[in-house]
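Quick note: residue numbers are just sequence positions, from 1. For ligands, and for the atoms within them, numbers begin at 1 and follow the listed sequence.
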Amino acid sequence: MNLLITGATGFIGRHLCACLTARNYTVVALMRRPEDLPELRARVDRLGGNGDLIQALPGDLSAPGLGISEPLPHVDAVIHLGARFAWQLTRKEVYTSNVEGSLSVAKLARRLNCRLVFISGFMLENLQHLSQLGIDPARPEQTNWQKVYRRAGAYEASKLEAALKVRLFAEQTSLDMVEVQPATVAGQSQTGELDAAQPLYQLLENLSRGRLALVPGTPEHWLPLTTVDHLSAVIAAAAIGQNVPARLLCLDPDTPTLQQVLAMASGSLGIKAPRRFISLPVLRAILSIPGVPKLMNTYPEALHFIQAKRFDTANTERFLERQGLFRPNIVSAIEASAYWYQKQRISNPPVMRPCGENTSATPTPHSNEG
Ligand SMILES: NC(=O)c1ccc[n+]([C@@H]2O[C@H](COP(=O)([O-])OP(=O)(O)OC[C@H]3O[C@@H](n4cnc5c(N)ncnc54)[C@H](OP(=O)(O)O)[C@@H]3O)[C@@H](O)[C@H]2O)c1
């Protein structure tokens with residue numbers, strides 16, 4: 001099978017390419033910078049895949065017609081991972097890539113008459129959260145999106161808008177579509193490999209640098225996680241498998257509470273774990289003070305993902321069982337991610353600035369992207 005992937009150069013995309021090419025599937029990667037193909041191939045090789053099985057297709061989610069000018073090879077399925085993923089963006093900055101780009105990818109899959117595997121997010125299954133944002137998934141056309149962008153932040157709002165619009169398009173055109181809804185992504189289950197731009201890496205960074213003296217939320221709050229290798233295997237199964245459910249919620253229900261995750265990570269990092277809590281409304285109020293989010297490296301929109309709600313994953317679990325796919329141990333994966341973070345920190349020690357402000361030599365994640 002030949003799979004067209006958007007976002008192949010990203011954190012999940014690279015692991016997905018490794019997972020697919022290790023099984024001899026070929027990949028066409030839609031790339032804004034096709035000259036980066038050798039680097040992508042090398043990274044995929046290092047992850048245990050076969051980079052030689054990847055070809056680049058020049059393109060851009062933000063461009064009309066996805067900026068594709070070359071003839072397309074035969075494609076069996078399209079996997080849409082590509083998105084502008086960062087906090088503190090504006091609607092204008094994300095709309096063309098995340099919403100219009102997603103619709104263009106769906107139209108491409110329709111034109112190619114193949115399955116679309118669309119990567120949304122687990123928050124689409126938190127109906128109470130959607131309702132608080134003013135979204136009724138059954139009547140998406142009634143949504144005041146401007147309000148949603150203000151309340152949720154541009155990244156999350158664009159993901160919600162894209163998912164609902166692509167679902168509608170798929171329904172109207174009988175597109176074969178599987179929506180994979182990932183939780184926040186943890187590092188590779190064995191090595192803990194995690195990009196510095198990933199939200200979990202930022203959490204570890206904040207913990208390690210003493211910016212997390214209190215646990216956000218209550219003892220019931222959690223940040224649902226899934227490992228990048230398990231997610232890749234689920235996406236691959238969604239693209240290749242038969243009788244795939246229309247939605248796959250990729251979330252490990254055994255993820256410990258946020259307090260427990262921070263305690264485990266603190267153990268791996270050799271630091272004292274935060275014990276006391278700060279309620280989310282109070283934290284949000286503090287983060288509304290200008291300058292504080294940057295100082296704390298925490299943005300109010302990131303807090304939505306920390307919640308007390310539990311999710312029903314039974315449907316996905318049944319599919320995974322049929323596919324012989326089993327979730328790796330999430331506790332070990334969290335510890336491995338913390339060790340990975342620690343290793344990166346040691347190889348990229350803080351750079352002393354003349355004014356006394358310490359900064360890490362690792363790329364500053366999400367909030368500074370773009
Ligand atoms: N990571 C998570 O915790 C998480 C959780 C739930 C859902 N997701 C979803 O999973 C997907 C992948 O996430 P990730 O963590 O792998 O993100 P990532 O590391 O930031 O990768 C984003 C990918 O999108 C590509 N991209 C961005 N803008 C583009 C454009 N205009 N045209 C073409 N490609 C573009 C990037 O390509 P360049 O190399 O050109 O920049 C990169 O390959 C996203 O849709 C995200 O919303 C992620």
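Close approach to S120 involves these atoms of ligand 1, each under 4.0 Å from a residue heavy atom: 7 (C). Close contacts between ligand 1 and R33 involve ligand atoms 38 (P), 39 (O), 40 (O), 41 (O) [criterion: under 4.0 Å to a heavy atom]. Near A183, with a cut-off below 4.0 Å to any heavy atom, the atoms of ligand 1 are 5 (C), 6 (C). Proximity to L61 (heavy-atom distance under 4.0 Å) selects the following atoms of ligand 1: 29 (C), 30 (C), 31 (N), 32 (N), 33 (C), 34 (N), 35 (C).
Using a 4.0 Å cut-off between heavy atoms, Q198 contacts ligand 1 through its side chain alone, with no backbone atom that close.
Classification of R167 and E171 as a salt-bridged pair fails, no side-chain N sitting under 4.0 Å from a carboxylate O.
Residue L66 is found in a hydrophobic cluster whose other members, listed by chain and number, are L4, V28, L30, L57, L61, I68, L72, V75, V78, L103, V105, L108, L112, L116, F118, V166, F169, L175, M177; membership requires side-chain heavy atoms under 4.5 Å apart, directly or through intermediates.
Under the side-chain contact (heavy atoms from CB on, under 4.5 Å) rule, L251 has a single partner from L231, T313, T184, T226, which is T313.
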Step-by-step side-chain contact (heavy atoms from CB on, under 4.5 Å) determination, D195 to Y201: CA-CA 7 Å; D195 272 8; Y201 191 103; over 6 Å; no

M31/R33 under side-chain contact (heavy atoms from CB on, under 4.5 Å): CA gap, chis, key distance, verdict: CA-CA 5 Å; M31 290 174 73; R33 290 177 301 278; 5.7 Å; no

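Compare L66, V180, I119, V185 by their heavy atoms: the one nearest to atom 3 (O) of ligand 1 is in V185. If you check each of F85, F11, Y155, Y201 against atom 47 (O) of ligand 1, the one with the closest non-hydrogen atom is Y155. Here the shortest heavy-atom distance to atom 31 (N) of ligand 1, taken over L251, D60, D195, belongs to D60. Of the candidates D36, I235, L81, it is L81 that places a heavy atom closest to atom 12 (C) of ligand 1. By heavy-atom distance, the residue among H80, K159, R84 lying nearest atom 9 (C) of ligand 1 is K159.
Residues N206 and R209 bring no donor and acceptor atom of their side chains to less than 3.5 Å of each other. Using modelled atom types and a 3.5 Å distance limit, the side chains of E335 and S268 yield no donor-acceptor pair. Between the side chains of N297 and E205, no donor-acceptor pair is found at a separation under 3.5 Å.
Partners of F277 by ring pair (Phe, Tyr, Trp, His ring centres under 6.0 Å), not counting sequence neighbours: none found.
In this structure, the side chain of Q132 does not engage the main chain of L130 through any donor-acceptor pair within 3.5 Å.
For S62, the closest heavy-atom approach to ligand 1 falls below 4.0 Å. Within the structure, the closest approach of T184 to ligand 1 falls below 4.0 Å when heavy atoms are considered.
In terms of polar-atom proximity, I12 is counted as a contact of ligand 1, with an N or O under 3.5 Å from an N or O of the ligand. Between G82 and ligand 1, not a single N/O pair is under 3.5 Å apart. Looking at ligand 1, you'll find an N or O of A83 within less than 3.5 Å of one of its N or O atoms.
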